[in-house]
Amino acid sequence: MLNKVTESAAQAMSNITDGATILIGGFGLAGQPAELIDALIERNARDLTIVSNNAGNGETGLALLLKSGCVRKIICSFPRQHDSYIFDDLYRAGKIELEVVPQGTLAARMQAGGSGLGAIYTPTAYGTLLAEGKETRTIDGIDYVLEYPIKADFALIKAFQGDRWGNLTYRKAARNFGPIMAAASKHTIAQVSEVVDLGVLDPEHIVTPGIFVHEVVHVGA
Amino acid sequence: MLNKVTESAAQAMSNITDGATILIGGFGLAGQPAELIDALIERNARDLTIVSNNAGNGETGLALLLKSGCVRKIICSFPRQHDSYIFDDLYRAGKIELEVVPQGTLAARMQAGGSGLGAIYTPTAYGTLLAEGKETRTIDGIDYVLEYPIKADFALIKAFQGDRWGNLTYRKAARNFGPIMAAASKHTIAQVSEVVDLGVLDPEHIVTPGIFVHEVVHVGA
Amino acid sequence: MNNYTPWSVDEIARYVAQDIQEGMYVNLGIGQPTKVADFLPDDKDIFLHSENGVLGMGPEPTVGEEDGDLINAGKQYITLLKGGSYFHHGDSFTMIRGGHIDLCVLGAFEVAENGDIANWFLGRPKDIPAVGGAMDLAVGAKKVYVMMDHVNRNGAPKIVEKLKLPITGKKCVNRIYTDLAVIDVTDQGLKVRKMVDGLTFTELQTKTGAKLIDNTQSI
Amino acid sequence: MNNYTPWSVDEIARYVAQDIQEGMYVNLGIGQPTKVADFLPDDKDIFLHSENGVLGMGPEPTVGEEDGDLINAGKQYITLLKGGSYFHHGDSFTMIRGGHIDLCVLGAFEVAENGDIANWFLGRPKDIPAVGGAMDLAVGAKKVYVMMDHVNRNGAPKIVEKLKLPITGKKCVNRIYTDLAVIDVTDQGLKVRKMVDGLTFTELQTKTGAKLIDNTQSI
């Protein structure tokens, strides 16, 4: 009997080592896997590359992870936001590397990574500084930039319900990057508000099938 | 008040003209929009390019459309199957053009079309006859073939429930190509077994949001 | 002394809202454009899209009804209309990049007469780049409308012949709504559709860094 | 007279099934490979994937319980296990091409010693090419096992040094299950893991179009 439910967030972090690339779900605070991030900070693996839409705000979650000094580089679309002073200070002090990627390109690169494509031509950012130095091509009269997949060692995401096969549902706009991050990483850890018995999730309503999920951690709702 | 529900399949076909490219949903008979295909045959637009996984079997649906002589070219992954004699005869008589595309590449090309990508590098078919004459590239030690998007004028798909905003759900494995065809065409016509009031479909369970759907046709279940 | 009163943000938002037809799928950028939602007609079905996976955004929730899982791209609490839906970021940007969004309304620092836009990066050494979905919207939406002040804080024109700021989207703007005028970006040049009462075309031209064409009579 | 009896399709299927571990995501190709499902252990969670958007396929439905919307890639009626799920073709081939499927079992016309496969097109002038998902599986699954007769109807070897038929997948096969033997495709060559009782290695070699290595002792 296969059971992907892991006892604790701490245990789920045990395979994460120095130098790992980790996708972290969430858009602002919605869908941010706060408890998994706390456990990752505890884990204290160093030299991490983090891929997430934002770079954290305030003194919790992603921001705290950056503050912990574990992160060498962050790939995101929108680092500067309300209360993102931890990132801002690290960046201005040259203590963290930043790769800014348009939000749709971030999503498309993860989807390319998850689906085994080698590269994609996207029209986004053509002719701007985010395309500088990148290969371009005109196809049917439209200009495109060549972008490469994002694949990661781990994904930490937040879902709503999960079962022992790793099937997941999400809640409202907290879904955001969860499903595509799950597919783009070798080892996906999902924190869920509820663990349900196999068969409770309607096969028509499962958003992320268990094939993309390796560990499910129950956290207080 | 916007209402995408169209009175009849015949009426939904009224914009389809000679030379159109049409995506037709279904995998075998599951998800094949039989009533819409019948109406398309009635419409008698000529010189069509059809994109569908199969090339029909027996004397119904897609097979009948081919028999009607309306189709100049078919793009599919698996034309030859049990009882596909209508296609087989047309093909051997040189009366229909065939472009065979690996099933996953067919899906990926539609997804590229629907999402505005200019081209994708896929590993599928590299080094085989289906990649002959195509551009290739080695990325990180893996060989890829360059494939271009499939975009269409129309998509005819079969869904389960639909509402007046065009939101759709599907039934079991009849989902197959429906959602990605809806996104890859300029004008998507969905036949549904049930038209439901706005708000009946749970926003978490809508598989194809109405933005990808232009007409909804109710057919007898 | 001015013999005219610039339009307020609410007034500009109302003009934008008037140009949105029933059935359109619309993305309103962060900041001023968000205001447009307040002026959309109640009796028409217009679909507001948010990059973070929401279609069919409704009005702000009432106090106490806020849900941390239901926010817009600006991270403000929102509601969902009956008939709305949730989806992941991949699908959300399929909608944007794939040309399924009819209209997006963006803020901007500068717009050039050919439709180039500079709207999220000033390019100063200490600036932290933060693009979000702005570039995907600029490239992907069928129409791009810009909503901004006509001149900057120093009185310099924000509508220019060529961008002085770093370009963030090429030839993508279709129409500009400022506190002084509504201007179409066309192959023939910048055509003024409408001006604030009391403002002359000549005055408007002096506040604009590119040649304008007076088209107010033919609208 | 042979002093051995070739394995039946059921026996081959049983050997394949024995090599599938709990927790694996498996795609069984159309034809012989479909049989493998019958020999999977009931007490282990093994997930069968079907290209047309199904994960967690269960056994055949009982008569009268067939559902036209619930079929596998071979268009046969199936059932869904508790915990199974449905998804669209894009997601289904993300699973395949993205390397999420642990194992696929395919039929084949020929396999070369370097793992090249010819498995859906004979290349005769009148043949209608019909690839389906075969090429995506060959390229995308973590492991590719082939299940086929050891020789063709004319007695000619189907395991060869170089393919005579058109190649349909490059260097993708990891193991071959025939009615006579189980053979690993390795960088060092074709290593025989197991043979039918009564068959000698020398006899097996004569029925094989590429050099074999006897590895039966070390398995």
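Quantities reported herein were computed from a predicted structural model and do not represent experimental measurements. Residue numbers begin at 1 in each chain, while the letters A, B, ... track the order of the sequences.
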Using modelled atom types and a 3.5 Å cut-off, is there a donor and acceptor pairing between side-chain atoms of A:Lys158 and backbone atoms of A:Gly26? no
Taking side chain as everything from C-beta outward and backbone as N, CA, C, O, which of these in A:Leu29 sits under 4.5 Å from a heavy atom of chain C? Side chain, backbone, both or neither. neither
Do side-chain atoms of C:Glu11 reach the backbone of C:Ser8 as a donor and acceptor pair under 3.5 angstrom? yes
Taking the six-membered ring for Trp, is the centroid-to-centroid distance between C:Tyr25 and C:His49 below 6.0 Å? no
Engaged part of C:Asp67 at the chain A interface, taking heavy atoms whose separation is under 4.5 Å: side chain
Can you tell which part of C:Ser92 gets under 4.5 Å to a heavy atom of chain A, answering side chain, backbone, both or neither? neither
Considering only heavy atoms and a distance below 4.5 Å, find which of A:Ala107, A:Pro102, A:Cys76, A:Ala125 pairs most often with chain C. A:Pro102
Going through the distances and angles, do A:Gln111 and C:His88 end up as a side-chain contact (heavy atoms from CB on, under 4.5 Å)? CA-CA 11 Å; A:Gln111 290 185 292; C:His88 63 56; 3.9 Å; yes
Is a salt bridge present between A:Lys73 and A:Asp47, judged by a nitrogen-to-oxygen distance below 4.0 Å? no
If you count heavy-atom pairs under 4.5 Å between each of C:Val139, C:Val54, C:Ile128 and chain A, which one has the most? C:Ile128
Part of A:Leu98 within contact of chain C (heavy atom distance under 4.5 Å): side chain
Any donor and acceptor pair, going by atom type alone, linking the side chain of C:Asp179 with main-chain N or O of C:His150 inside 3.5 Å? yes
Pick from C:Glu51, C:Met135, C:His89 with the largest number of heavy-atom pairs that fall under 4.5 Å of chain A: C:His89
So what's closer than 4.5 Å to chain C heavy atoms on A:Thr105: side chain, backbone, both or neither? both
Classify the side-chain pair A:Tyr121/A:Thr136 by whether it contains a donor and acceptor separated by less than 3.5 Å. no
Quick one: what part of A:Asp143 sits under 4.5 Å from any heavy atom of chain C, side chain, backbone, both or neither? neither
Using a 3.5 Å distance criterion without hydrogens, assess whether the side chain of C:Glu66 forms a donor-acceptor pair with backbone atoms of C:Gly64. yes
Can you tell which part of A:Ala30 gets under 4.5 Å to a heavy atom of chain C, answering side chain, backbone, both or neither? both
Toward chain C, the part of A:Val101 with a non-hydrogen atom under 4.5 Å: backbone
A:Phe87 versus chain C, heavy atoms under 4.5 Å apart: side chain, backbone, both or neither? side chain
Is the centre of the A:Tyr126 ring less than 6.0 Å from the centre of the A:Tyr144 ring? no
With a 4.5 angstrom heavy-atom cut-off, is it the side chain or the backbone of C:Ala73 that approaches chain A, or both, or neither? both
Using modelled atom types only, decide if a donor and an acceptor are shared between the side chain of C:Gln205 and the backbone of C:Leu212 within a distance under 3.5 Å. yes
Under 4.5 Å from any heavy atom of chain A, what part of C:Tyr86 do you find: side chain, backbone, both or neither? both
Does any heavy atom of chain A fall under 4.5 Å from the side chain of C:Pro166, the backbone, both, or neither of them? side chain
Ranking C:Gly169, C:Gly123, C:Gly90 by heavy-atom pairs under 4.5 Å to chain A gives rank one to C:Gly90
Top contributor to chain C interface from A:Gly28, A:Pro79, A:Gly31 [non-hydrogen pairs under 4.5 Å]: A:Pro79
Using 4.0 Å as the upper bound for N to carboxylate O, is an ion pair formed by A:Asp153 and A:Lys186? yes
Could you tell me if C:Lys75 sits above the aromatic ring of A:Phe27, with its cationic atom closer than 6.0 Å to the ring centre and no more than 45 degrees from the axis? yes
Give, as side chain, backbone, both or neither, the part of A:Phe177 having an atom under 4.5 angstrom from any heavy atom of chain C. both
Is A:Arg171 close to chain C through its backbone or its side chain, or both, or neither, when contacts mean heavy atoms under 4.5 Å? both
